[in-house]
2 protein chains.
Amino acid sequence: MKVSNGVSNSATDETRHEGLDALLPDVFAADCASRGILEHVVSRWGVLVLASLLEGTLRFSALRRRIGGVSEKMLAQTLQTLERDGIVLREAKPVIPPHVEYSLTPLGRQAAHHVWTLAHWAESHVPQVESAREAYDEKRA
Amino acid sequence: MKVSNGVSNSATDETRHEGLDALLPDVFAADCASRGILEHVVSRWGVLVLASLLEGTLRFSALRRRIGGVSEKMLAQTLQTLERDGIVLREAKPVIPPHVEYSLTPLGRQAAHHVWTLAHWAESHVPQVESAREAYDEKRA
DNA sequence: CGGCATCCAAAAAGATACTG
DNA sequence: CAGTATCTTTTTGGATGCCG
């Protein structure tokens, strides 16, 4: 991809990440495709869809019940985006009434694992963040 | 409000991807505070701010140059949110012209590490995702 | 330089109704 | 059941101007 654009990405760059590849498509570049992928998986509902499907295959309505507050529209949209990116697998059985199952592709399982780690981190640091917020708010009251 | 205090929270278990029905402060619950934290951290610019600051302390303008496409307004907004959450540390030197440095708190370094992992994953899977998209688009053309 | 306030355009999200 | 279509509301983001 774009390793040759304006934003210094070459080897003579300042301190890069120790040990991590410095020669990839760059999320910092505004036009890099990795930004788009990242956006999809960490989107508001994308995170929760991936975390849900990590538990196993789910139907549309089950997914909707699992994820508190998601609208039918946003769930459908999120699933389509992730399906297109090869992260979620959609299997529709041609019966009436419709029966559609969603699961993770191998690629999706990788993403979901990372996303889950993040979600879990957030869950376990709620108290710390809340006390930080109190301190912050008090300091400017 | 939140079930964050007192309830089964201190389970810092990393590998429980199955059968997690009603066990912890739950990102799946619409009203759980962890959702908010997660949103801040994985927000469009939040991800990139954290990844940038992982490389070291940066000034406002340096951050802006580092992150392609971010506007002044959104950068300021993102930094404030993360500062309030105790993730980013802001240090303003009372000189003219102003000199403000941003860095990560210990808490922020944790978040940034997870976020970086995700960003790196996205970067390294651009080709796979792009070919998945082609296949998807072709199948419905 | 590092903001903040304001205004405006655009995109995302929600509610609702309808369909195969 | 699993969506789509349409409409409205909300949120987001960019541009601009001002200020310490």
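Every chain is numbered from 1, with letters handed out A, B, ... down the list of sequences. These numbers come from a predicted model, not from an experiment.
At least one side-chain nitrogen or oxygen of B/Arg59 sits closer than 4.0 Å to the OP1 or OP2 atom of C/dG2. Of the side-chain N and O atoms in B/Ser61, one or more sit less than 4.0 angstrom from OP1 or OP2 of C/dG2.
Between B/Tyr102 atom OH and C/dG3 atom P there is a gap of 3 Å when expressed in whole angstrom units. Rounded to an integer number of Å, the gap from CZ of B/Arg90 to C1' of C/dC1 is 12 Å. Spacing between atom CG of B/Leu75 and atom C1' of D/dG14 amounts to 14 Å, rounded to whole angstrom units. To the nearest angstrom, C1' of C/dA12 lies 13 Å from NE2 of A/His40. For the pair B/Arg64 CZ and C/dC1 P, the interatomic distance rounds to 11 Å; values are reported in whole Å. If you take CD of A/Glu39 and C1' of D/dG13, they are 13 Å apart, rounded to a whole angstrom. D/dT11 atom P lies 18 Å from atom CZ of B/Arg44, rounded to whole Å. The interatomic distance linking A/Met74 (CE) with C/dA15 (P) rounds to 12 Å, in whole Å.
The B/Ala76 side chain lies nearest to C/dC4 when the options are D/dG14, D/dG3, C/dC4. You'll find that the side chain of A/Val100 is closest to D/dA2, out of C/dG2, D/dA2, D/dG14.
Not a single donor-acceptor pair under 3.5 Å links the side chain of A/Glu101 to the backbone N or O of A/Arg90. Looking at B/Gln128, its side chain never comes within 3.5 Å of a backbone N or O of A/Leu107 through a donor-acceptor pair. Of the possible donor and acceptor atoms, none in the side chain of B/Thr57 sits under 3.5 Å from a partner among the backbone N and O of B/Leu53. Listed for the A/Thr105 side chain is a donor-acceptor partner under 3.5 Å among the backbone atoms of A/Ile87.
Inter-axis angle, ends of the helix from C/dC1-D/dG20 to C/dG20-D/dC1, five pairs per end, rounded to 10 degrees: 50°.
Toward the 5′ end of DNA chain D lies the nearest nucleotide of A/Pro97, the other residue of the pair A/Pro97 and A/Gln77 mapping further downstream.
The side chain to side chain donor-acceptor pair (under 3.5 Å) search around A/Arg64 returns none, not counting sequence neighbours. Residues meeting the side-chain contact (heavy atoms from CB on, under 4.5 Å) test with A/Gln80, sequence neighbours left out: none. Qualifying side chain to side chain donor-acceptor pair (under 3.5 Å) partners for B/Arg133, counting only residues two or more places apart in sequence or in other chains: A/Asp85. Remark: B/Trp45 engages no residue in a side chain to side chain donor-acceptor pair (under 3.5 Å) (not counting sequence neighbours).
Remark: B/Glu55 engages B/Arg66 in a salt bridge, criterion side-chain N to carboxylate O under 4.0 Å.
Backbone-only engagement by B/Gln80 is indicated by non-hydrogen atom pairs under 4.0 Å involving sugar-phosphate atoms exclusively. Residue contacts for A/Pro98: at a heavy-atom cut-off of 4.0 Å it reaches a base atom on one of the strands shown.
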Polar-atom pairs under 3.5 Å, protein N or O versus N or O of nucleotides 5-9 of chain C: list them with distances, or write none.
none

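Checked by atom type, the side-chain pair A/His99/A/Glu91 shows no donor-acceptor distance below 3.5 Å.
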